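Here is the structure we will look at.
A quick note: this is a predicted structure, and the numbers were derived from the prediction, not measured. Lettering follows sequence order; numbering is per chain, from 1.
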Amino acid sequence: MLNHENVVVKTSAWWRPVLKAPVARRTWAATLYMVVGLPLALVGCFFAVASLVLGAGLAVTFVGLPLLALGGLAARRLGAAHRALARVLLDERVAAPPRFEWTGGFFGWLQAALKDGPSWRARAYLLVKLPVAIVTFYLTVLFWVQGLVWLTYPIWWQLSGPGRVPEDLLLDVRVLIFRGGSYDGRFEPHQYTIRLTDNSYLDTWPRVLLVSLAGIVCVLAAPWVVRAVTPLERALVRGLLGPATGPARVRELETARAQVVEDSASTLRRIERDLHDGTQAQLATLAMTLGQAKEKLEHRPDVPFDPDGALGLIDTAHRHAKEALVELRDIARGIHPPALDVGLDAALSTLVTRSAVPTVLNSDIPIRPAKAIEAIAYFSVAELLANVAKHSQARHAIVDALGGGGMLRLRVSDDGVGGALPGGGSGLLGLADRVRAVDGHLDIASPPGGPTVVSVRLPLHT
Amino acid sequence: MRVVIAEDAAIFRDGLVRLLEDRGHAVVAAVADGDALVAAVAEHRPDVAVVDVRMPPTHTDEGLRAAIAVREAHSDVGVLVFSQYIETRYAARLLSANSAGVGYLLKDRVADTSDFVDALTRVAAGGTALDPEVVSQLLAASNRTIETTLTRRENEVLALMAEGRSNAAISQALVIGEGAVEKHVANIFAKLDLPVSHEDNRRVLAVLRYLQP
């Protein structure tokens, strides 16, 4: 909701973004992405080529195909590193492709690995990434370094009066970055001077300041150059490291469906287990206790008449009946929380009040999500809060549930010890699968030492 | 009667202990899984063990496997297996070795406490106690082979024998004279081609024939 009294209409001057861009976090993150990207791309490309050549070359021998398969799975890992880099530095949130899964021993593994689409696409990424990285790295570094050096040219020029700057340092700088200029060694008194043509040097103050101005333009332009080339990098990550499209997407949906089916089967198993170990045992005990009590009142030849004993047993049975009711209510809630019929925020606030760790709920869900999404959201938060209580040693937790832009964003954060990993019995993998089954996304940030923030994004409607 | 109980649901286990001790029996051990059962039986040599089919760690049939292990190691210890539902194959596995001193009952049967204690006593004494549900399911499974040879009445008598009832109890249940029951039993032995030996052993064998088509 907008608070109109506080809204100030800003007529931002055109130069404001231009001046801000060089120091913006986004600019530097993207620049860092290009700089780090090149060595990573070099390693990746070398690896991809080597594993392909080696695997294919040895294909006639026993080790060739397994090598090829291993290379693919390793490419997946490298792809994941690139994906993480893009997420952190470019804020490009690309969902991970489905996990690699196989059945049936070594040959099952081999076949699945060789046919694994995400592995091949990760390889393609590693191969294409290198030329792209070279171009983006070159453009990025050229504009920044050239700009900064030109900008500071007056200082260099002034400092490099005779004998002020060691000759070899200057040579190094010149060789590395002064692609347009050169130094013939004969020029005095300034050793460090850009030469335009054979006889023309930028060696007077107006000319030197002009170079500096060109440097300023370069530095101001650099962010826009960086921003201009990032879409290429983003598209590459999205296209080759994310979930597939077309026929591959169909396969992925099939996997997701299988996971959902498996998931609901295991939910049914869990409910059956709860009913078997809990309610059924309680009711059987209840029946046994009542039967025992009845016999004490029946004047039977084999059981002595004992009204006091019977009363004690009825008391026990009464207690069992009440416990069974509570248990049944819990099980029913585990199948479908009644509060969900009222709405997701109502259900979440019930959930939050029942959480073992003191938890605050911030929810703003103006449009009601689809029922299936509400249920997934509810059980996700339930599981995440259970994780908080079980593993985090947190003292407080916060649940945010915000709807808008066609998405439902959930976030469960705590002030615990962190170090939450998918797998490790935390159920996070299963949760991620369930979320992905409706094209949602789960994100875990949990450095050792905490805090842990798990974000879940779900479409409002399936 | 000295009893070992293996049941993972604590509430039900405690209830059983209370019931049996109330009836003057000694519960020498009450454990929660199959391995502990085998150990407890070896240690205490009870008259009978009450075993739940589903126990940790897998919650499938570890109770049954432990019960079979107990039967193999100690043929003098009766085993009464308890289940939430009837699984014909479990019953067949349990009875395949030797049906003397074996029982297989639905957990619900504890509601009729006296019947349950009677069944347990029977198993402890080397008899059998099969749940009527088990019997009817096994009857359905073995229909083709036995129904053709036995009359309807003989089938009923055999079913009650399978549950572990005595002739007197069968005559009561079917509302016929005890003499008639004896005649039916003799006919069953003859038709199933059972050798003349101890009456109890022949009853057990009849049940076995009956259960295994």
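- Counted within 6.0 Å of CZ on A/Arg270, heavy atoms from surrounding residues, nucleotides or ligands total more than 12; the atom is thus considered enclosed.
- Only the side chain of A/Asp302 comes within less than 4.5 Å of a heavy atom in chain B; its backbone stays farther off.
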Mind running side-chain contact (heavy atoms from CB on, under 4.5 Å) on A/Thr285 and B/Arg13 for me, showing each step along the way? CA-CA 9 Å; A/Thr285 316; B/Arg13 189 172 63 226; over 6 Å; no
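- The candidate from B/Asp112, B/Asp22, B/Val117 with the greatest count of non-hydrogen atom pairs under 4.5 Å with chain A is B/Asp22.
- Within the 4.5 angstrom heavy-atom criterion, no atom of A/Leu286 approaches chain B.
- Of all non-hydrogen atoms in A/Met288 and B/Thr113, the two that sit nearest each other are O-CG2, 3.5 Å.
- Judged purely by atom type and a 3.5 angstrom limit, A/Glu295 uses its side chain to pair as donor or acceptor with the backbone of B/Ser114.
- Counting heavy atoms of neighbouring residues, nucleotides and ligands inside a 6.0 Å radius, atom CZ of A/Arg257 does not exceed 12 of them.
- In plain terms, the two heavy atoms of B/Phe12 and A/Ala284 that are nearest each other are CE1-CB, 3.5 Å.
- Contact tally against chain A (heavy-atom pairs below 4.5 Å) for B/Asp52, B/Leu16, B/Asp8: the top residue is B/Leu16.
- With contacts defined as side-chain heavy-atom distances shorter than 4.5 Å, the pair B/His59/A/His276 does not qualify.
- Annotation: the span from B/Arg54 atom CZ to A/Glu272 atom CD amounts to 4.0 Å, rounded to 0.5 Å.
- The line from OG1 of A/Thr289 to CD1 of B/Ile11 is 8.0 Å long, rounded to the nearest 0.5 Å.
- Residue A/Gln111 qualifies as open at atom CD: its count of foreign heavy atoms under 6.0 Å is 12 or below.
- For B/Arg23, the part lying under 4.5 angstrom from a heavy atom of chain A is the side chain only.
- Within a 6.0 Å sphere centred on NE2 of A/His318, other residues, nucleotides and ligands contribute 12 heavy atoms or fewer.
- Using a 4.5 Å cut-off between heavy atoms, B/Asp14 does not touch chain A at all.
- For chain B, the option among A/Arg273, A/Lys294, A/Glu323 with the highest count of heavy-atom pairs below 4.5 Å is A/Arg273.
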